[in-house]
Amino acid sequence: MNYFNLLLDRIKADLEGLQAAGILPAGLDFAAVALDPPKDPKHGDVSTNAAMVLAKAAGKPPREIATALAARLRSYSDTDGAEVAGPGFLNLRLKPSFWYARLSEALNAGDEYGRSTLGRGKGAVNVEYVSANPTGPMHVGHARGAVFGDALAALLEFTGHDVTREYYINDDGAQVDVLARSAYLRYREALGDRIGEIPSGLYPGEYLKDVGEGLVELYKQRFHNAPESEWMEPFREFAVAEMMGEIRDDLELLGVRHDVFTSERGLVAEGKVDKSLGGLRRKGLVYEGVLEPPKGKEPEDWEPRQQTLFKATQFGDDTDRPVQKSDGSWTYFATDIAYHADKIDRGFETLINVWGADHGGYVKRMEAAVKALSDGKVALDVQLCQLVKLMDRGQPVKMSKRAGTFVTLRDVVDAVGKDVVRFIMLTRRNDAQLEFDYAVVTEESKENPVFYVQYAHARCHSVLRKALEVMPGVDLSSSSLARVELQRLTHPDELALIKVLASWPRSVESAAEAHEPHRVAFWLRDLAAAFHALWNRGKEEEALRFLVDGDRSLTLARMALVRGCALGLAVGLRIMGVTPVEELR
RNA sequence: GCGCCCAUAGCUCAGUGGAUUAGAGCGUUGGCCUCCGAAGCCAAAGGUCGCAGGUUCGAGUCCUGCUGGGCGCGCCA
């Protein structure tokens, strides 16, 4: 369990004790009392602001409250000290026995270490991610959204949320018509026509040649000289299905799987757009009107125009938004309203959308729509993923769609492997740009965080293998090691490693609450660093080597530590979708 | 012009819902392999947290303005 919660419960109980003793008045609100790791480890293991946040309501100086609380907290057998510091901080020091208990918990939990019930009872969560348009293969940028969404979903599952992973197929807009026309051209090409240059406005990619050949196989000559009205539907359907097949294959390469694929076209066909907009119209939120021109610079060809609008301004957007085109078809926003209405109807209470940063301007209107549709009951969190800058030895990789030199997701995965792509994509906050350097990520050094962490994991297993050689037949399973004499672990670096390991449950919970999976990557680096440090300590002082000749109980205690570290690394890596490796060579 | 995101060490970035003396990697300098994997470790140097105000007992963290960068801005998705 998250030991901060454990200690917080203890502190609250003691605050109640102070109330009973008449030192603090009754009726205080403890909600603001927090327990945090101090920035500076010299200040102890945990620090609470209790005295400071209660001082005003209690009518006593913070240091006085802190002193009284400290006296109580010192009495616990696993507490080494409680000091009042600064304006009224209470810094707690915990005895090794406290940390042994945490290590033991980790070992007993095994692969489930850190799993939390945080999300239990909080309602179903829908994570929509990737949702790349089915008009071509996925590129590097898509990979970031895919990995981010997938890791976030895993993180939420691990912390007890009911999660659905979803992909929205944009198969209803003008661009899939363009896809169909592009496929038609390739169809004619496959039938032997000379098509020459691909006209601008159509997709030039070579990948459509297969689609053209597939169409010939299916339809032979049937649509060779047919008008667009005849082939448009079947070609669009075929091409979209082919592209979705490609995309699914690409996602599979990355180890990304969705539970639900929702088709935009399907929503329209089922009348969900009419239904959801009808609902909004009844609430008075959809109307016929004329928009003001955008503030500031007015587009040159601006003309007032009567449109069907959604009253987004009522929910915090800058302007009302059109839902219908002049030809009567729906705007993308309209179908997106229907899509979100559908998600709400399916019972989700939290919607998370992972989008590319270029959709940032769309966030407010979608938030407005979800508020309107759910009467404010459903939360929408849009996470924007910034650009991935592909580099090679510090030089940007030139990409141009026109020149056909853009780098696909498949290229990158083929070059460096799934695990590297996944890990690197999570080494930055999603809203910061990310440099992805081919040379660095394939380097086998500390500069490469994937190898750094994997190396620590491999070293753990290397020691465990060695231990088995030295002590044949010994049971090194985590459940068995949970019961060894952990009090033999006394060196500060050993305790430091346990402390990092023990911080996992809290790190996982806070990463999940903040929707920030990159924090898992940072925690893994910290744990790996603590392990590498301890390892090297054994090179300087023989007594600190993990395997100690002639001292079986000490060796076993250290195996418990190594096993705990290994399982911590493995659990974190698995949430990121990275396979922990036991050997690097 | 308007809106959103970003600005922390020479470089790339963390900073756990405001709190005690701001962290890491790379790079630089100097150390550590007869020994469980040196693909690693230790130490030193390096910061007015973009600028200016404000809220607060207390701000890298919250608010306002400015500067610089990214993205977007009526029937493209």
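Everything numeric here is computed off the predicted structure, so don't read it as measured data. The chains referred to below are lettered A, B, ... by the order of the sequence lines, with proteins before strands, and numbering in each begins at 1.
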Peer 1: Tell me what A:Y455 touches on the nucleic acid: a base, only sugar-phosphate, or nothing, going by heavy atoms under 4.0 Å.
Peer 2: base
Peer 1: Would you tell me whether A:T313 and A:D320 have side-chain atoms, one donor and one acceptor, within less than 3.5 Å of each other?
Peer 2: yes
Peer 1: Do A:Q454 and A:V578 touch side chain to side chain, with heavy atoms closer than 4.5 Å?
Peer 2: yes
Peer 1: Between A:E494 and A:H491, is there a donor-acceptor pair closer than 3.5 Å when you use the side chain of the first and the backbone of the second?
Peer 2: yes
Peer 1: Just checking A:R545: base, sugar-phosphate only, or nothing, at a heavy-atom cut-off of under 4.0 Å?
Peer 2: base
Peer 1: At under 4.0 Å between heavy atoms, what does A:A529 touch on the DNA or RNA strands: base, sugar-phosphate, or nothing?
Peer 2: nothing
Peer 1: Does the side chain of A:S462 get closer than 4.0 angstrom to OP1 or OP2 of B:G37 through an N or O atom?
Peer 2: yes
Peer 1: For the side chain of A:R428, starting at C-beta, report the closest nucleotide among B:U20, B:C13, B:G25.
Peer 2: B:C13
Peer 1: Taking atom types as modelled and ignoring hydrogens, do the side chains of A:N133 and A:Q175 form a donor-acceptor contact shorter than 3.5 angstrom?
Peer 2: yes
Peer 1: Could you tell me whether A:K539 contacts a base, only the sugar-phosphate backbone, or nothing, with contacts defined as non-hydrogen atoms closer than 4.0 Å?
Peer 2: base
Peer 1: Tell me yes or no: between the side chains of A:H518 and A:N430, is some donor less than 3.5 Å from an acceptor?
Peer 2: no
Peer 1: Would you mind writing out the side-chain donor-acceptor pairs for residues 534-548 of chain A within the sub-3.5 Å range, not counting sequence neighbours?
Peer 2:
{"from": "A:N536", "atom 1": "ND2", "to": "A:H532", "atom 2": "O", "distance (Å)": "2.8"}
{"from": "A:R537", "atom 1": "NE", "to": "A:D493", "atom 2": "OD2", "distance (Å)": "2.8"}
{"from": "A:R537", "atom 1": "NH2", "to": "A:D493", "atom 2": "OD2", "distance (Å)": "2.9"}

Peer 1: Return whichever of A:F546 or A:P322 has its heavy-atom-nearest nucleotide of RNA chain B closer to the 5' end.
Peer 2: A:F546
Peer 1: Dot-bracket for RNA chain B, 5' to 3', counting Watson-Crick or G-U wobble pairs under 3.5 Å, with [ ] for crossing pairs and | for inter-strand pairs?
Peer 2: (((((((..((((.........)))).(((((.......))))).....(((((.......))))))))))))....
Peer 1: Just to verify, what does A:D317 make a salt bridge (charged side-chain N to carboxylate O under 4.0 Å, His left out) with, not counting sequence neighbours?
Peer 2: A:R321
Peer 1: So what does A:Q454 touch, heavy atoms closer than 4.0 Å: a base, only the sugar-phosphate, or nothing?
Peer 2: nothing
Peer 1: If you compare every side-chain N and O of A:R459 against the phosphate oxygens of B:A38 (OP1, OP2), does one of them come in below 4.0 Å?
Peer 2: yes
Peer 1: Examine A:K389 relative to A:F436 and say whether NZ or CZ is less than 6.0 Å from the centre of the six-membered ring and inside a 45° cone about the ring axis.
Peer 2: no
Peer 1: Determine: side-chain N/O of A:Y339 to OP1/OP2 of B:A77, distance under 4.0 Å, yes or no.
Peer 2: no
Peer 1: The side chain of A:D318 is closest to which nucleotide in this list: B:A39, B:G37, B:G3?
Peer 2: B:G3
Peer 1: Closest to the A:V463 side chain: B:G74, B:A24, B:C36?
Peer 2: B:C36
Peer 1: Ignoring the backbone of A:L291, work out which of B:G74, B:A14, B:U12 is nearest its side chain.
Peer 2: B:G74
Peer 1: Kindly point out which of B:G40, B:C36, B:G25 is positioned nearest to the side chain of A:K466?
Peer 2: B:C36
Peer 1: Starting at the 5' end of RNA chain B, which residue's closest nucleotide do you reach first, A:P37 or A:G173?
Peer 2: A:P37
Peer 1: Scan side-chain atoms only and decide if A:T308 and A:E288 contain a donor-acceptor pair under the 3.5 Å cut-off.
Peer 2: yes
Peer 1: Does B:C33 count as syn, meaning its glycosidic angle lies within 90° of 0, or as anti?
Peer 2: syn
Peer 1: Counting just side-chain N and O atoms, does A:H515 come under 4.0 Å of either OP1 or OP2 of B:U16?
Peer 2: no
Peer 1: Say you pick atom P in B:G15 and the same atom in B:G30; how far apart are they, in whole Å?
Peer 2: 34 Å
Peer 1: Identify which nucleotide among B:C41, B:C5, B:C36 has an atom closest to any side-chain atom of A:W535, counting heavy atoms from C-beta outward.
Peer 2: B:C36
Peer 1: Give the rounded distance in Å between these two atoms: CD of A:Q386 and C1' of B:C6.
Peer 2: 8 Å
Peer 1: Have a look at A:D336 and say if it touches a base, only the backbone sugar-phosphate, or nothing, with a 4.0 Å heavy-atom cut-off.
Peer 2: nothing
Peer 1: Could you work out which one of B:C36, B:G15, B:G40 sits closest to the side chain of A:N536?
Peer 2: B:G40
Peer 1: Using atom C1' of each nucleotide, how far apart are B:A14 and B:A24 to the nearest Å?
Peer 2: 7 Å
Peer 1: Students often get this wrong, so: under 4.0 angstrom with heavy atoms, is A:Q175 touching a base, only sugar-phosphate, or nothing?
Peer 2: sugar-phosphate
Peer 1: Any side-chain N or O of A:R429 below 4.0 angstrom from OP1/OP2 of B:G15?
Peer 2: yes
